[in-house]
Student: 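Just passing along the structure, written as structure tokens.
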There are 4 protein chains.
Amino acid sequence: MSTQAEDTKSRIFLTAAELFADYGFDKVSIRQICEAVGIRKPTLYYYFKDKETLLLEMINFSKKIGDQIYEEQVEKPKDFLDKIRGLIFGRKIFIEKYPQFFRFHAMIHLFAIPEKVKQEMIQYVLSLMLRFRSLLETGQKQGYVAADEDLDFLMMTLTSSLNHLTIRKFVFHDDSALTDENLERMYRFWLKHFFVTQDKQTT
Amino acid sequence: MSTQAEDTKSRIFLTAAELFADYGFDKVSIRQICEAVGIRKPTLYYYFKDKETLLLEMINFSKKIGDQIYEEQVEKPKDFLDKIRGLIFGRKIFIEKYPQFFRFHAMIHLFAIPEKVKQEMIQYVLSLMLRFRSLLETGQKQGYVAADEDLDFLMMTLTSSLNHLTIRKFVFHDDSALTDENLERMYRFWLKHFFVTQDKQTT
Amino acid sequence: MSTQAEDTKSRIFLTAAELFADYGFDKVSIRQICEAVGIRKPTLYYYFKDKETLLLEMINFSKKIGDQIYEEQVEKPKDFLDKIRGLIFGRKIFIEKYPQFFRFHAMIHLFAIPEKVKQEMIQYVLSLMLRFRSLLETGQKQGYVAADEDLDFLMMTLTSSLNHLTIRKFVFHDDSALTDENLERMYRFWLKHFFVTQDKQTT
Amino acid sequence: MSTQAEDTKSRIFLTAAELFADYGFDKVSIRQICEAVGIRKPTLYYYFKDKETLLLEMINFSKKIGDQIYEEQVEKPKDFLDKIRGLIFGRKIFIEKYPQFFRFHAMIHLFAIPEKVKQEMIQYVLSLMLRFRSLLETGQKQGYVAADEDLDFLMMTLTSSLNHLTIRKFVFHDDSALTDENLERMYRFWLKHFFVTQDKQTT
DNA sequence: CATGAATGAGCTTTCATTCAT
DNA sequence: CATGAATGAAAGCTCATTCAT
């Protein structure tokens, strides 16, 4: 594929991601995407078999980035609390690296998509949760999480809080939601309520 | 309006709510609604100016129920912890009273709706949050919430956890999410992590 | 259905039949039909679920007429040779009664139609042939057909000759093909070559 | 043109013929042909100006073969009845020599083709008929055909029977239609009904 | 000799909506 | 109170074809 082609495909990709994020999958027509990119319809179909395929490729790309960042920020750090920090600040990194794409990633959960794609998304989110849960178990064994903690609800609470921030930014247009300051504040909130710090441990 | 008319309108209303909840606002056509209700299209337009109006009336109805239950379950109880319990179990009550409608109420946040309607929804949700925040402030004054608590994040955490359960039920089809048992478990989780119980207070 | 509606539906029906006959099913677009009828596209879809359904209804109508005429002209007459005459002149009657439709009826065999429809047509034509074959058997028992005749080939020859005339008229635009005179000439040709007339019988 | 090029062109040719025969001219897209051949679209356009030209070249090729066989099987034999046999068994020879192409040749009459091409086909078929008619005239002079025979209808009957067999094979998928046995049976049928054999002559 | 990339024109179908009755 | 009939606008998608390389 020539450079120009690569460029066209990628422009379709990013433009569509933004439009989908803004208006939802169904509300964005192929024509709209093409107008925004500055191409004609058959050109889009030259690169993407159909609308659903376009969405699927975007979701896969989005998963890949998400996984990459999760590995880098959550799995790589040795210390449990660093992992937790990584979980929170991973979002920040996603935004900085793929600004146009993060909104898509954040919104995809929220809009009407073909049932088949939806089921795949659900499976993926469930797998992420399992992954995170086993991380909490490790934390528990290491003494960072109370021995009698309700891990299911802990996981749920952390996950949903994090998502809430993203929703606040992109649905409620609250730009303060994902600032460094706010993420830091969330980290402190979690530390205080859910995790046993070294201080408390030594005490 | 005669009784029969009232009935037709209400049948449209409930049927549309279910369909919207199942497939999303955009994916449900006027034709589908009419077929499900057993009327012709102009009849629907006799009762509802247009599709958006139908949605708006449904949202307003849904708000009214929500507010009613909030008042009954959260504002009415005197004791702070009873209010918190009410907040959690209010969902249960909604489901039991308006089973067809609760799914709509839960899903409305998740699907593509006209921008105008979306903005109204956002305003409404924000107002609910403020209302809830002031409730937490009261709790703080009464000693149920730690004096140095980060109320913003507390509110956010509680709200998003509650929503998470709803999503788990209706998006992930996890029927255990909103059982009495699970709600009770959430209440205990909250008590332990966020609120000062009488026991602790007396200590 | 009001008279006006009946009229619109029937206008679509006849216009489409003519267009299909002229250009083939695939080559005629919904837009073309609508323009010819003087309606907008959704109106056509109001009366016919989709293009294939339109074709199917036309085929069924065409079968019904064909059957009707077959019964009237072939099955009703008592004398064998009158039946044969009826077979030939039935075409003439079809044309006179449903002039716009006969061309469709004649051409349908010749153009690309959805596989499903094609199979149905084939079954139908086969059933017609069986019907005709049993008629020849009767003729044989009555002495009109030679005892050692190859009935399969006789049937095939008669059928294909008849179709040939139709093709000559509508594909080759040979207007003399289906004139009374020419049909009469064919009847005499058949009499001479295939059937035992009373004259010969008495001899 | 190099051998490889000749090969590519010929591969396009044969593949397209099969596809056209299977699905009809309109239903086969350039893309489909290219995929089946394993080339890209501009390559096809390098060899054939456009889709219609591709069809025309195929028709001409098909005519050439047809003519060749006609000359070999019908014109070459001296005896009239051998000519008639040749007419019938020429089809068999076509199939054996150009199996992929015969189906195309047989089907071309049946599907929607550009008007211009259609007219050319019609002219060609008419010329074939004239050729065949003059053959029958010769037969008449030689005493093989009755002096008072209706030559027009005789020609028509023979031609259409022959075509009928082909249709039975390729449209109705009746594999017995063009077997040696069946062709022989048709020959006997013709002999009995239409031609004066030496036996009868001597009588 | 072959191709990647692009396009204008067209397709069938569905949508929300209206109006006369 | 309800409906049959009609429509403008738009949807997703495919076609034959071309041009620069």
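In what follows, chains are A, B, ... by sequence order, proteins preceding strands, each numbered from 1.
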Student: Is the Lys NZ or Arg CZ of Lys51(B) less than 6.0 Å from the centre of Phe25(B)'s six-membered ring, within 45° of the axis?
Tutor: yes
Student: Whole Å only: how far is the CD atom of Glu35(D) from the P atom of dC15(F)?
Tutor: 10 Å
Student: In whole Å, I'd like the distance from the CD1 atom of Ile33(D) to the P atom of dC15(F).
Tutor: 11 Å
Student: The side chain of Asp50(A) is closest to which nucleotide in this list: dA11(F), dT13(E), dC13(F)?
Tutor: dC13(F)
Student: Could you say whether Val28(D) or Lys41(B) is positioned toward the 5' end of DNA chain F, judged by the nucleotide with the nearest heavy atom to each?
Tutor: Lys41(B)
Student: Quick check: on DNA chain F, is the nucleotide nearest Gly38(C) upstream (toward 5') of the one nearest Lys51(D), or the reverse? Name the residue that is more 5'.
Tutor: Gly38(C)
Student: Determine: side-chain N/O of Thr43(D) to OP1/OP2 of dC1(E), distance under 4.0 Å, yes or no.
Tutor: no
Student: In whole Å, I'd like the distance from the CG atom of Asp7(A) to the P atom of dG4(E).
Tutor: 18 Å
Student: Under 4.5 Å between any side-chain heavy atoms of Val125(C) and Phe172(D), yes or no?
Tutor: yes
Student: Watson-Crick or G-U wobble partner for dC13(F), using a 3.5 Å limit on both distances?
Tutor: dG10(E)
Student: Among dT12(E), dT17(F), dT3(F), which nucleotide sits nearest the side chain of Ile30(C)?
Tutor: dT12(E)
Student: For dA6(E), take OP1 and OP2 only and decide whether either is under 4.0 Å from a side-chain N or O of Thr8(A).
Tutor: yes
Student: Under 4.0 Å: is that the gap between some side-chain N or O of Tyr46(A) and OP1 or OP2 of dA6(E)?
Tutor: no
Student: dT17(F) C1' sits how many Å from Lys49(D) NZ, rounded?
Tutor: 11 Å
Student: Are OP1 or OP2 of dC15(E) and a side-chain N or O of Ser29(B) less than 4.0 angstrom apart?
Tutor: yes
Student: Looking only at side-chain atoms of Tyr45(D), point me to the closest of dA6(F), dT17(F), dA16(E).
Tutor: dT17(F)
Student: How long is the line joining CD1 of Ile39(D) and P of dG4(E), in whole Å?
Tutor: 12 Å
Student: Quick one: Arg40(D) CZ to dA5(E) P, roughly how many Å, whole number?
Tutor: 11 Å
Student: Whole Å only: how far is the CZ atom of Phe48(B) from the C1' atom of dT18(E)?
Tutor: 18 Å
Student: I want to verify a distance call: between dC1(F), dA16(F), dA5(E), whose nearest atom is closest to the Tyr47(B) side chain?
Tutor: dC1(F)
Student: Sort out the partner of dA20(F) for me: Watson-Crick or G-U wobble, both distances under 3.5 Å, none otherwise.
Tutor: dT3(E)
Student: State, with a plain yes or no, whether a side-chain heavy atom of Glu120(A) is found less than 4.5 Å away from one of Gln123(A).
Tutor: no
Student: Does the side chain of Asp7(A) come under 3.5 Å of the side chain of Ser10(A) through a donor N or O and an acceptor N or O?
Tutor: no
Student: Rounding to an integer number of Å, can you tell me how far Lys9(D) NZ sits from dA2(E) P?
Tutor: 13 Å
Student: Do Asp22(B) and Arg103(B) meet the salt-bridge criterion of a basic N to acidic O distance under 4.0 Å?
Tutor: yes
Student: Please tell me if Arg31(A) has a side-chain N or O lying less than 4.0 Å from either OP1 or OP2 of dA10(F).
Tutor: no
Student: Going by heavy atoms in the side chains, are Ile59(A) and Phe104(A) under 4.5 Å from each other?
Tutor: yes
Student: Counting heavy atoms from C-beta on, name the nucleotide in dA11(F), dA5(E), dA9(F) closest to the side chain of Pro42(C).
Tutor: dA9(F)
